[in-house]
Q: 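To start, I am sharing the structure in question, which I have written as structure tokens.
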Amino acid sequence: MKRTFDLIISFFTVVFLVSWLFPVIALLIKLDSRGAVFFRQLRHGRGNVKFYCYKFRTMVKNNEADTRQATQNDARITRVGKLLRKTSLDELPQIFNVILGNMSIVGPRPHAVPMNLEFAREIENFMQRHQVKPGITGLAQCKGYRGEISSFRELYSRFRLDYFYVRKWCLVFDIKIVIETAISLMSRNEKAY
């Protein structure tokens, strides 16, 4: 049921968004800065299996992409990158991760592997959030937890919401999270940088 939901949403996203928006974003990225259009990063998926997560590139090439979170006024972020991050359009290529089957539309957001391992040292059972596929959006995101994790309390709050989702999943829950995410993107994006 969840996989069918993922594929239906992916199909409509590819037909109505990817088909025309990808070339526009790719052109803007290329005009704004040197480097690849896409950025791929190793992350933990379901069962802690590693996979490459795809995003539009929003930073200049740097050696800290896997170990340092983006912060407010981060000099690594390009002009177009700021817009993509603010609108979450940088996450759009993850629709292909969903089609490939290593992500879902809804699930705990995946972190870069080094950061994930660091978080696991801080919170017992942190890796249990990987009992399901990671998502493009999740319960924590629709509740306003986006962007930089600046404190243990914020990290733990995200973990609690992710773990709640893992234990209580149902299709109606996914639909509700997708709707709440859309509302949240329009109203609560102060941490999207």
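Owing to the predicted nature of the structure, the values given are computational and were not obtained by experimental measurement.
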Q: So which heavy atom on Gln72 is nearest to which on Glu148, and how close?
A: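 Gln72 and Glu148 have their closest heavy atoms at N-OE1, 4.4 Å.
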Q: With side chains defined as the heavy atoms from C-beta onward, is the minimum distance between Val132 and Arg46 less than 4.5 Å?
A: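 Val132 vs Arg46: side chains apart.
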Q: Would you sort out whether Arg68 and Asp74 count as a salt bridge (Lys or Arg N to Asp or Glu O under 4.0 Å), showing the intermediate values?
A: CA-CA 11 Å; Arg68 184 177 146 217; Asp74 196 319; 3.7 Å; yes
Q: Quick one: side chain to side chain donor-acceptor pair (under 3.5 Å) partners of Thr181, sequence neighbours excluded?
A: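 Testing Thr181 for side chain to side chain donor-acceptor pair (under 3.5 Å), a comparison that skips the adjacent residues, returns Thr137.
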Q: Work out which heavy atom in Arg57 is nearest to a heavy atom in Thr78; give both atom names and the distance.
A: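 That would be NH1-CG2, 4.3 Å.
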Q: Examine Phe12 and Leu7 and state if one hydrophobic cluster contains both, with Ile, Leu, Val, Met, Phe, Trp and Tyr joined whenever side-chain heavy atoms are less than 4.5 Å apart.
A: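 Result: no, two separate clusters.
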Q: Are Phe173 and Tyr165 close enough that their ring centres sit under 6.0 Å apart?
A: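 Yes, close enough.
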Q: Is there a donor-acceptor pair closer than 3.5 Å between any side-chain N or O of Asp32 and the backbone N or O of Val80?
A: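 Yes, because the side chain of Asp32 sits within donor-acceptor range (under 3.5 Å) of the backbone of Val80.
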Q: Mind checking the CD1-OG1 spacing from Ile25 to Thr58? Nearest 0.5 Å is all I need.
A: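 OG1 of Thr58 is found 11.5 Å from CD1 of Ile25.
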Q: Using a cut-off of 6.0 Å, state whether more than 12 heavy atoms not belonging to Glu124 lie near its atom CD.
A: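 Not more than 12 within 6.0 Å, no.
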Q: May I ask you to check whether over 12 heavy atoms, not counting those of Arg3, lie within 6.0 Å of atom CZ?
A: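 Result for CZ/Arg3: enclosed.
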Q: Can you hop from Phe16 to Phe11 via hydrophobic side chains spaced under 4.5 Å?
A: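 Result: yes, single cluster for both.
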Q: Does Lys143 use its side chain to pair, donor to acceptor, with the backbone of Arg158 at less than 3.5 Å?
A: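 The answer is no, because no donor-acceptor pair under 3.5 Å joins these two groups.
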Q: Backbone N or O of Ala65 within a donor-acceptor pair of the Asn62 side chain at under 3.5 Å?
A: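 Yes: the side chain of Asn62 pairs with the backbone of Ala65.
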Q: Of all heavy-atom pairs between Val106 and Lys2, which one has the smallest distance, and what is that distance?
A: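 In this case the closest contact between Val106 and Lys2 is O-NZ, 2.9 Å.
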Q: Which pair of non-hydrogen atoms, one from Leu161 and one from Leu139, has the smallest distance, and what is that distance?
A: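 It is O-CD2, 3.4 Å.
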Q: Just do the side-chain contact (heavy atoms from CB on, under 4.5 Å) check on His44 and Val49 with the steps written out, would you?
A: CA-CA 6 Å; His44 284 113; Val49 174; over 6 Å; no
Q: Do Asn97 and Gln94 make a side-chain contact, defined as non-hydrogen atoms from C-beta onward lying under 4.5 Å apart?
A: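 They are in side-chain contact.
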Q: Ring pair (Phe, Tyr, Trp, His ring centres under 6.0 Å) with Phe96: which of Phe38, Phe51, Phe22?
A: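 Of the listed residues Phe38, Phe51, Phe22, the ring pair (Phe, Tyr, Trp, His ring centres under 6.0 Å) partner of Phe96 is Phe22.
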Q: Can you check whether Ile77 reaches Arg85 side chain to side chain, under 4.5 Å on heavy atoms?
A: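 Yes - at least one pair of side-chain heavy atoms lies under 4.5 Å apart.
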Q: Are Phe152 and Tyr163 connected in the hydrophobic side-chain network, where two residues link if heavy atoms are under 4.5 Å apart?
A: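 Yes; Tyr163 is reachable from Phe152 via cluster members.
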Q: Linking I/L/V/M/F/W/Y whenever their side-chain heavy atoms sit closer than 4.5 Å, directly or via other members, would Phe56 and Val60 fall into one cluster?
A: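 Hydrophobic grouping puts Phe56 apart from Val60.
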Q: Only one of His130, Arg43, Lys50 clears side-chain contact (heavy atoms from CB on, under 4.5 Å) with Asn116; which?
A: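 Of His130, Arg43, Lys50, side-chain contact (heavy atoms from CB on, under 4.5 Å) with Asn116 is met by His130 alone.
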Q: For the residue pair Ile29 and Leu84, establish whether any side-chain heavy-atom pair is separated by less than 4.5 Å.
A: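 Yes, close enough: below the 4.5 Å cut-off.
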Q: Is there side-chain contact between Asn125 and Gln128, with heavy atoms separated by less than 4.5 Å?
A: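 Yes, their side chains come closer than 4.5 Å.
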Q: Check this for me: does any side-chain nitrogen of one of Glu91 and Arg109 sit under 4.0 Å from a carboxylate oxygen of the other?
A: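 Looking at Arg109 together with Glu91, the answer is yes, because their closest N to O distance falls below 4.0 Å.
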Q: Set out, in order, the CA-CA distance, both residues' side-chain angles and the distance that settles side-chain contact (heavy atoms from CB on, under 4.5 Å) for Arg76 and Lys61, then state yes or no.
A: CA-CA 8 Å; Arg76 298 173 298 165; Lys61 191 171 181 181; over 6 Å; no
Q: How about Asp6 and Met1: do any of their side-chain heavy atoms sit closer than 4.5 Å?
A: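 Of all side-chain heavy-atom pairs linking Met1 with Asp6, none is under 4.5 Å.
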Q: Given 3.5 Å as the limit, does a donor-acceptor pair link the side chain of Ser104 with the main chain of Pro134, or not?
A: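 Looks like no, no N/O pair under 3.5 Å.
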Q: Do Tyr54 and Ile95 have side chains that approach each other closer than 4.5 Å (heavy atoms only, starting at C-beta)?
A: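 Tyr54 vs Ile95: side chains apart.
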Q: Using the six-membered ring of Tyr52, assess whether NZ or CZ of Arg40 lies under 6.0 Å from its centre and within 45 degrees of the ring axis.
A: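 Yes, a cation-pi geometry holds between Arg40 and Tyr52.
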Q: Do Val18 and Leu83 sit in the same hydrophobic cluster, where Ile, Leu, Val, Met, Phe, Trp and Tyr count as joined when their side-chain heavy atoms come under 4.5 Å apart?
A: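 No, it is not one cluster - the side chains of Val18 and Leu83 are not joined through contacts under 4.5 Å.
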Q: Please give the remaining members of the hydrophobic cluster of Leu31, linking ILVMFWY side chains under 4.5 Å, ordered by chain and number.
A: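 Joined to Leu31, directly or through intermediates: Leu27.
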Q: Once you round to the nearest 0.5 Å, how far does CG of Leu117 lie from NE2 of His111?
A: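 Here the interatomic distance stands at 11.0 Å.
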Q: Could you tell me the separation between the CG atom of Leu155 and the CZ atom of Arg160, rounded to the nearest 0.5 Å?
A: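 With rounding to 0.5 Å, CG (Leu155) is 12.5 Å from CZ (Arg160).
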Q: Are there over 12 heavy-atom neighbours, none belonging to Arg167, within less than 6.0 Å of that residue's CZ?
A: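 Yes - once you tally the heavy atoms of other residues, nucleotides and ligands closer than 6.0 Å, there are more than 12.
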Q: For Cys53 versus Met103, what's the shortest heavy-atom pair and its separation?
A: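 It is SG-SD, 4.0 Å.
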Q: May I ask you to decide if the ring planes of Phe126 and Phe119 are parallel, tilted or perpendicular, using 30° and 60° as cut-offs?
A: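 The rings of Phe126 and Phe119 stand perpendicular, inter-plane angle above 60°.
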Q: Rounded to the nearest 0.5 Å, what's the gap from CG on Leu28 to OG on Ser33? Could you check?
A: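 If we round to the nearest 0.5 Å, Leu28:CG and Ser33:OG are 10.5 Å apart.
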Q: Hey, is CZ on Phe5 packed in by over 12 heavy atoms from elsewhere, all under 6.0 Å?
A: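 Check passes, neighbour count above 12.
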Q: Testing Asp174, Ile105, Ile175 one by one against Ile9 for a side-chain contact (heavy atoms from CB on, under 4.5 Å), which residue passes?
A: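 For Ile9, the side-chain contact (heavy atoms from CB on, under 4.5 Å) check succeeds only for Ile105.
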Q: Can you see which heavy atom on Thr87 is nearest to which on Leu185, and at what distance?
A: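 The answer is O-CD2, 4.4 Å.
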Q: For Ile149, does its backbone N or O pair with a side-chain atom of Gln69 as donor and acceptor, under 3.5 Å?
A: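 Yes, Gln69 side chain to Ile149 backbone: donor-acceptor pair under 3.5 Å.
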Q: Taking the side chain as every heavy atom from C-beta outward, state whether Lys55 and Gln41 have any atom pair closer than 4.5 Å.
A: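 No; the side chains remain at least 4.5 Å from each other.
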